[in-house]
Amino acid sequence: TLTIIDAKGRERVRKTAQVSKLYDGGDTEKRLVRFLAPADVKGTGLLSIDYRDKDDDMWLYMPALRKTRRIVSSEKAKSFMGSEFSYADMTPPNQDDFNYTKLSDESINGEPCYVIEAVLVDDDIADENGFSKRVMYISKNDFVIRKSVYYDLDEDLWKELTVDEVKLVDEKNNRYRPMNMVMENKQNDRKSIMNVEQISVSNSIKDDYFTTRYLERE
């Protein structure tokens, strides 16, 4: 469930389903997100392919136009479906786009965390992502981000992501996933909440899901 809350506290609620699969020994992740409700966004879909060592591929399908549009690098900073999450937030970042510095360890809600400052390597890549740097608080126990603070292109505080719940979803492979994420815009008092209500792990995910043909199915 994606809940979008404006500065006056008014809410818009959107239901989604998502499927993802790892390829190339984990170096590539393919993901399909489809909106189920309400009616004005039903059938809208986002297909993304995240590569470890090059720019991601991303396509958006809008059923009202019956058209699939490729999301280019210059659009990564744009809002995803009117939320405070951007297209760049929907896929893991390209690690080579950042210079990293380890800061002093801290605890978030009692969870001991490594604190990592990630600064975009140049202005062009910063423009693409919409921010100059972010500071990540990563759990020492499960390596899932508990908080991430974003700074805009002028290096002013912009957004803050907090993760309130983390779940072990694959005990065999020791995989954890965030179940509730809140992105707060500190400049306009808007926030968006992503809440995962159900999650399962399967070895039988079809490759056909991760094609533009399947993306356009309604």
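None of the values given here were measured: they were computed from a predicted structure. In this chain, residues are counted from 1 in sequence order.
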Check: Which heavy-atom pair separates Leu2 from Ser192 by the least distance, and what is that distance?
Finding: CD1-CB, 4.3 Å

Checklist line | Rounded distance (nearest 0.5 Å) linking atom CE of Met183 with atom CD1 of Ile5 | finding: 14.0 Å

Margin query: Can you give me the closest heavy-atom contact between Ala88 and Asn129, atom names plus distance?
Written below: CB-OD1, 3.9 Å

Check: Using a distance-only test with no angle check, is there a side-chain donor-acceptor pair under 3.5 angstrom linking Glu155 and Ser132?
Finding: no

Next item on the list: Taking the side chain as every heavy atom from C-beta outward, state whether Tyr151 and Val135 have any pair of such atoms under 4.5 Å apart.
Entry: yes

Notebook entry, point to check: Within the distance-only criterion (no hydrogens, no angle test), does the side chain of Arg34 pair as donor or acceptor with the backbone N or O of Arg217 below 3.5 angstrom?
Noted result: yes

Notebook entry, point to check: Would Lys102 count as a cation-pi partner of Tyr114, with NZ or CZ less than 6.0 Å from the six-membered ring centre and within 45° of the ring normal?
Noted result: no

Check: Does Lys140 come within less than 4.0 Å of Asp105, counting only side-chain N to carboxylate O?
Finding: yes

Notebook entry, point to check: Is there a donor-acceptor pair under 3.5 Å between the side chain of Asp24 and the backbone N or O of Asp27?
Noted result: no

Notebook entry, point to check: Would Val182 and Asp164 satisfy side-chain contact (heavy atoms from CB on, under 4.5 Å), going step by step from the backbone distance to the final call?
Noted result: CA-CA 8 Å; Val182 181; Asp164 295 331; 3.9 Å; yes

Notebook entry, point to check: Just checking, any donor-acceptor pair under 3.5 angstrom between side chains of Asp57 and Tyr51?
Noted result: yes

Next item on the list: Check Ala77 against Asp127 and note the closest heavy-atom contact, atom names and distance.
Entry: CB-O, 4.1 Å

Next item on the list: Calculate, to the nearest 0.5 Å, the distance between atoms CG and CG belonging to Asp97 and Asp124 respectively.
Entry: 11.0 Å

Note to self: Would you say CG of Asp40 has more than 12 non-hydrogen atoms from neighbouring residues, nucleotides or ligands within 6.0 angstrom?
What the structure shows: yes

Note to self: Using side-chain heavy atoms (C-beta onward) and a distance below 4.5 Å, is Val144 in contact with Pro178?
What the structure shows: yes

Check: Would you say the side chain of Ile145 lies within less than 4.5 Å of the side chain of Met181, judging by non-hydrogen atoms?
Finding: no

Next item on the list: Would you give the length of the straight line joining atom OG of Ser73 to atom CG of Asp55, rounded to the nearest 0.5 angstrom?
Entry: 4.5 Å

Note to self: Taking Leu32 as the starting point, is it possible to reach Met194 by hopping between hydrophobic residues whose side chains are less than 4.5 Å apart?
What the structure shows: no

Next item on the list: Would you kindly confirm whether Val115 and Leu157 end up in one hydrophobic cluster when ILVMFWY residues are joined by side chain heavy atoms under 4.5 Å apart?
Entry: yes

Check: Under a 4.0 Å N-O cut-off, is there an ion pair linking Asp207 with Lys21?
Finding: yes

Checklist line | Side-chain touch Ile205/Phe210, heavy atoms, less than 4.5 angstrom | finding: yes

Check: Does the side chain of Tyr176 pick up a donor-acceptor pair with the side chain of Asn141 at under 3.5 Å?
Finding: no

Margin query: Please report the interatomic distance OG1(Thr91) to OH(Tyr87), rounded to the nearest 0.5 Å.
Written below: 12.0 Å

Notebook entry, point to check: Are any side-chain N or O atoms of Ser86 and backbone N or O atoms of Asp89, one a donor and one an acceptor, separated by less than 3.5 Å?
Noted result: yes

Next item on the list: Using modelled atom types only, decide if a donor and an acceptor are shared between the side chain of Asp154 and the backbone of Asp156 within a distance under 3.5 Å.
Entry: no

Checklist line | Note: Glu29-Arg31 ion pair, threshold 4.0 Å (strictly below) | finding: yes

Next item on the list: Run the numbers on Tyr61 and Thr212 for side-chain contact (heavy atoms from CB on, under 4.5 Å), then give the verdict.
Entry: CA-CA 8 Å; Tyr61 175 67; Thr212 53; over 6 Å; no

Margin query: Could you walk me through whether Asp208 and Thr211 satisfy the side-chain hydrogen bond (donor to acceptor under 3.5 Å, both in side chains) test, starting with their C-alpha distance in whole Å, then the side-chain angles of each, then the deciding distance to 0.1 Å, before giving a yes or no?
Written below: CA-CA 6 Å; Asp208 291 347; Thr211 62; 5.9 Å; no

Note to self: Assess the residue pair Lys15 and Glu197 against the criterion (salt bridge (charged side-chain N to carboxylate O under 4.0 Å, His left out)); give the C-alpha distance rounded to whole Å, side-chain angles, the decisive distance to 0.1 Å, and a yes or no.
What the structure shows: CA-CA 10 Å; Lys15 295 287 187 177; Glu197 298 172 358; 3.1 Å; yes

Next item on the list: Compare every heavy atom of Leu120 with every heavy atom of Ala126, then report the nearest pair and how far apart it is.
Entry: CA-CG, 3.7 Å

Check: Should Ile116 and Val163 be counted in the same cluster of Ile, Leu, Val, Met, Phe, Trp and Tyr side chains packed under 4.5 Å apart?
Finding: yes

Check: Is any side-chain heavy atom of Trp59 less than 4.5 Å from a side-chain heavy atom of Arg70?
Finding: yes

Item checked: Side chain to side chain, Glu117 and Lys133, heavy atoms closer than 4.5 Å -> yes

Check: Applying the 4.5 Å side-chain criterion to the ILVMFWY set and letting contacts propagate, would Met90 and Leu47 be lumped into a single cluster?
Finding: no

Notebook entry, point to check: Given the rule in the side-chain contact (heavy atoms from CB on, under 4.5 Å) test, do Cys113 and Glu106 qualify, once you have shown the distances and angles that lead to the verdict?
Noted result: CA-CA 5 Å; Cys113 293; Glu106 292 187 32; 5.6 Å; no

Margin query: For a quick test of reading the model, state the closest non-hydrogen atom pair linking Val13 to Pro38 and the distance between them.
Written below: O-CD, 3.4 Å

Check: Hey, what's the ring geometry for Trp158 with Tyr150, parallel, tilted or perpendicular (30° and 60° as the breaks)?
Finding: perpendicular

Next item on the list: Report, as yes or no, whether the 6.0 Å neighbourhood of atom NZ on Lys191 holds more than 12 heavy atoms from other residues, nucleotides or ligands.
Entry: no

Checklist line | Arg177 side chain reached by Val196 side chain, heavy atoms, under 4.5 Å | finding: no

Item checked: Interatomic spacing from CZ in Arg190 to NZ in Lys159 - rounded to 0.5 Å -> 11.0 Å

Note to self: Looking only at side-chain N and O atoms, does Asp152 offer a donor or acceptor that is under 3.5 Å from a partner on Gln187?
What the structure shows: yes

Notebook entry, point to check: So does Lys147 pair up with Glu111, basic N to acidic O under 4.0 Å?
Noted result: no

Note to self: Would you say Val201 ends up clustered with Met179 if hydrophobic residues are merged whenever their side chains have heavy atoms under 4.5 Å apart, either directly or through other cluster members?
What the structure shows: yes

Checklist line | Thr1 OG1 to Arg14 CZ distance, which is reported to the nearest 0.5 Å | finding: 12.5 Å

Note to self: Counting C-beta onward and ignoring hydrogens, is there a side-chain heavy-atom pair between Val166 and Ser139 closer than 4.5 Å?
What the structure shows: no

